[in-house]
Amino acid sequence: MLERLKIFLHNGKQYIPDPTAVEVPGRFRGRPVIAKGGEKDNAVLVELCPTGAITNEGGLALDLGRCCFCGECERRCPNKIRFTKDYKMATNVRERLVVREGEESPITLDSTAVRDELKGMFRHSLKLRQVSAAGDNSCEWELGATSNVNFDMGRYGIEFVASPRHADGIVITGPISKNMAKALEICDEAVPDPKIVVLAGTDAISGGIFSDSEELDRTWLESHKPDLYLPGNPCHPLTVINGLLELMKSK
């Protein structure tokens with residue numbers, strides 16, 4: 001017992017006590033803020049963005065569903081765009097992922113947009129099947145990290161399971177290639193109703209840098225409305241945990 005106390009005093013806590021309030025250290029890029037003014041830089045930023053996430057129609061806007069979080073826009077025009085450390089970027093309304101100049105309000109979940117059959121259904125337990133639909137393994141790693149000793153998502157009853165038949169929904173990573181389109185459909189059909197659909201990462205939300213590729217088949221999304229968007233490239237474990245918790249708490 002004394003040895004364990006010594007280790008604890010020396011190393012401190014090996015886990016995050018409260019994932020909903022912790023501050024992210026280091027150079028993490030979270031929710032961006034776009035300042036007003038500086039219109040001369042707008043055209044430069046639009047041209048600079050590799051995924052077309054930045055637009056300038058009635059004011060500069062940045063779509064986090066398309067943003068690859070490369071940070072080039074901030075480096076080029078630091079007085080115009082600044083990435084904060086706000087990791088609470090998950091939402092269930094696609095339009096809320098678009099950050100516009102002069103707006104600094106946080107990105108939130110719209111409780112009125114949550115399907116009635118889901119409200120209160122998964123409040124104490126949520127089992128998810130992750131589907132890598134041609135992902136590059138970055139979001140997959142981060143989803144795996146949510147269950148490690150640091151983040152410990154399992155304390156909230158949220159876990160990834162091996163079989164879709166044991167799941168309450170699916171978490172999709174990757175842009176959805178032609179080779180994975182049918183596999184994704186089969187996996188979804190195996191999940192019992194009611195179920196949720198989560199898009200994790202830029203590639204899953206919009207296709208990312210591969211959005212114009214002929215090797216993608218995203219038609220499945222035309223008939224399945226996502227219940228949660230987790231932006232990021234890759235999405236941070238804290239973005240994942242906080243987003244799922246907000247969805248579970250919806251009434």
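Side chains of D168 and M121 form no contact here, defined as non-hydrogen atoms less than 4.5 Å apart. The closest side-chain heavy-atom distance from V131 to M180 is below 4.5 Å. Counting heavy atoms from C-beta outward, I172 and W220 have side chains that approach closer than 4.5 Å. Contact of the R96 side chain with the L64 side chain is not registered, since no non-hydrogen atoms from C-beta on lie closer than 4.5 Å. The shortest side-chain heavy-atom distance between E72 and P50 does not fall under the 4.5 Å cut-off. Inter-residue side-chain proximity for T173 and L143 is flagged as met; some heavy-atom pair is nearer than 4.5 Å. No side-chain heavy atom of S211 sits less than 4.5 Å from a side-chain heavy atom of S206.
For R75, the CZ atom sits in a packed shell: over 12 heavy atoms of surrounding residues, nucleotides or ligands are nearer than 6.0 Å. Counting heavy-atom neighbours within 6.0 Å of R100 CZ, excluding the residue itself, gives a total of 12 or less. Annotation for H166: atom NE2 does not count as buried by contact number, only 12 or fewer foreign heavy atoms lying within 6.0 Å. Surrounding CD of E117 are more than 12 heavy atoms belonging to other residues, nucleotides or ligands, all under 6.0 Å away. Surrounding CD of E185 are more than 12 heavy atoms belonging to other residues, nucleotides or ligands, all under 6.0 Å away.
Residues I209 and L62 fall into different hydrophobic clusters, defined by Ile, Leu, Val, Met, Phe, Trp and Tyr side chains chained together at heavy-atom separations under 4.5 Å. Both L228 and Y156 belong to a common hydrophobic cluster when Ile, Leu, Val, Met, Phe, Trp and Tyr are linked at side-chain heavy-atom distances under 4.5 angstrom. Linking Ile, Leu, Val, Met, Phe, Trp and Tyr residues whenever their side-chain heavy atoms come within less than 4.5 Å leaves I81 and V33 in two separate clusters. V197 and L97 fall within a single hydrophobic cluster, where Ile, Leu, Val, Met, Phe, Trp and Tyr side chains are chained together by heavy-atom contacts under 4.5 Å. In the hydrophobic cluster analysis, where Ile, Leu, Val, Met, Phe, Trp and Tyr join through side-chain heavy atoms closer than 4.5 angstrom, V93 is grouped apart from V99.
Remark: side-chain polar atoms of K127 are not paired, donor with acceptor, to backbone N or O of I158 under 3.5 angstrom. A donor-acceptor distance shorter than 3.5 angstrom exists from the side chain of R218 to the backbone of I205, with no hydrogens or angles considered. A side-chain donor-acceptor contact under 3.5 Å links R155 to the backbone of D152. Side chain of R31 to backbone of D86: no donor-acceptor contact under 3.5 angstrom is found. A donor-acceptor pair under 3.5 Å is formed between the side chain of N92 and the backbone N or O of D110. No donor-acceptor pair closer than 3.5 Å links the side chain of R129 to the backbone N or O of G169. Using modelled atom types, no side-chain atom of E101 and backbone atom of G59 make a donor-acceptor pair closer than 3.5 Å. Without hydrogens or angle criteria, T202 side chain to C68 main chain gives no donor-acceptor distance under 3.5 Å.
In this structure, CG on L128 lies 10.0 Å from CD on E159, to the nearest 0.5 angstrom. Separation of atoms CZ (R66) and OG1 (T55) is listed at 10.0 Å; rounding is to 0.5 Å. Here D116 contributes atom CG and T112 contributes atom OG1; the two are 10.5 Å apart, rounded to the nearest 0.5 Å. Separating the NZ atom in K119 from the OG atom in S111 is a distance of 6.5 Å, to the nearest 0.5 Å. Of the inter-residue distances, the one linking E74 atom CD with R76 atom CZ reads 13.5 Å to the nearest 0.5 angstrom. The CG atom of N42 sits 4.0 Å away from atom CG of N56, with the distance rounded to the nearest 0.5 Å.
Between G30 and M89, the closest heavy-atom pair is C-SD, 3.6 Å. When all heavy atoms of L118 and P194 are compared, the pair lying nearest together is CD2-CB, 4.1 Å. Among all heavy-atom pairs drawn from P192 and P164, the shortest one is CD-O, 3.8 Å. Residues A200 and V171 share a closest heavy-atom pair of CB-CG1, 3.8 Å. Smallest separation of non-hydrogen atoms from R29 and F69: NH1-O, 3.1 Å. Nearest heavy-atom pair, V24 versus K85, reported as atom, atom and distance to 0.1 Å: O-CD, 3.2 Å.
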Checklist entry - Hey, mind stepping through I170 and K195 against side-chain contact (heavy atoms from CB on, under 4.5 Å) and telling me if it holds? => result CA-CA 8 Å; I170 57 175; K195 54 191 171 186; over 6 Å; no

Item to check | side-chain contact (heavy atoms from CB on, under 4.5 Å) evaluation trace for M153 with F160 | outcome: CA-CA 10 Å; M153 186 171 67; F160 290 103; 3.7 Å; yes

Next on the checklist: Apply side-chain contact (heavy atoms from CB on, under 4.5 Å) to residues D203 and C139 and explain how you reach the verdict.
Outcome noted: CA-CA 9 Å; D203 289 348; C139 278; over 6 Å; no

Item to check | Intermediate values then yes/no, side-chain contact (heavy atoms from CB on, under 4.5 Å), L216 and I176 | outcome: CA-CA 6 Å; L216 298 189; I176 311 181; 5.9 Å; no

Checklist entry - Stepwise, does the salt bridge (charged side-chain N to carboxylate O under 4.0 Å, His left out) test hold for E214 with K178? => result CA-CA 9 Å; E214 295 180 354; K178 290 180 179 178; over 6 Å; no

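Checking S138 against D136 by side-chain atom types alone, a donor-acceptor pair falls below 3.5 Å.
Using a 4.0 Å cut-off between a side-chain N of Lys or Arg and a carboxylate O of Asp or Glu, K182 and D217 do not qualify as a salt bridge.
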Please list, one pair per line, the donor and acceptor atoms closer than 3.5 Å that link side chains of residues 235-247 to other protein atoms, with sequence neighbours excluded.
| from | atom 1 | to | atom 2 | distance (Å) |
| --- | --- | --- | --- | --- |
| H236 | ND1 | L238 | N | 3.0 |
| T239 | OG1 | Y87 | O | 2.8 |
| N242 | ND2 | P19 | O | 3.0 |
| N242 | ND2 | L238 | O | 2.8 |
| E246 | OE2 | K249 | NZ | 3.1 |

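Each salt bridge (Lys or Arg N to Asp or Glu O under 4.0 Å) pair with one or both residues in residues 34-57, not counting sequence neighbours, would appear here, but there are none.
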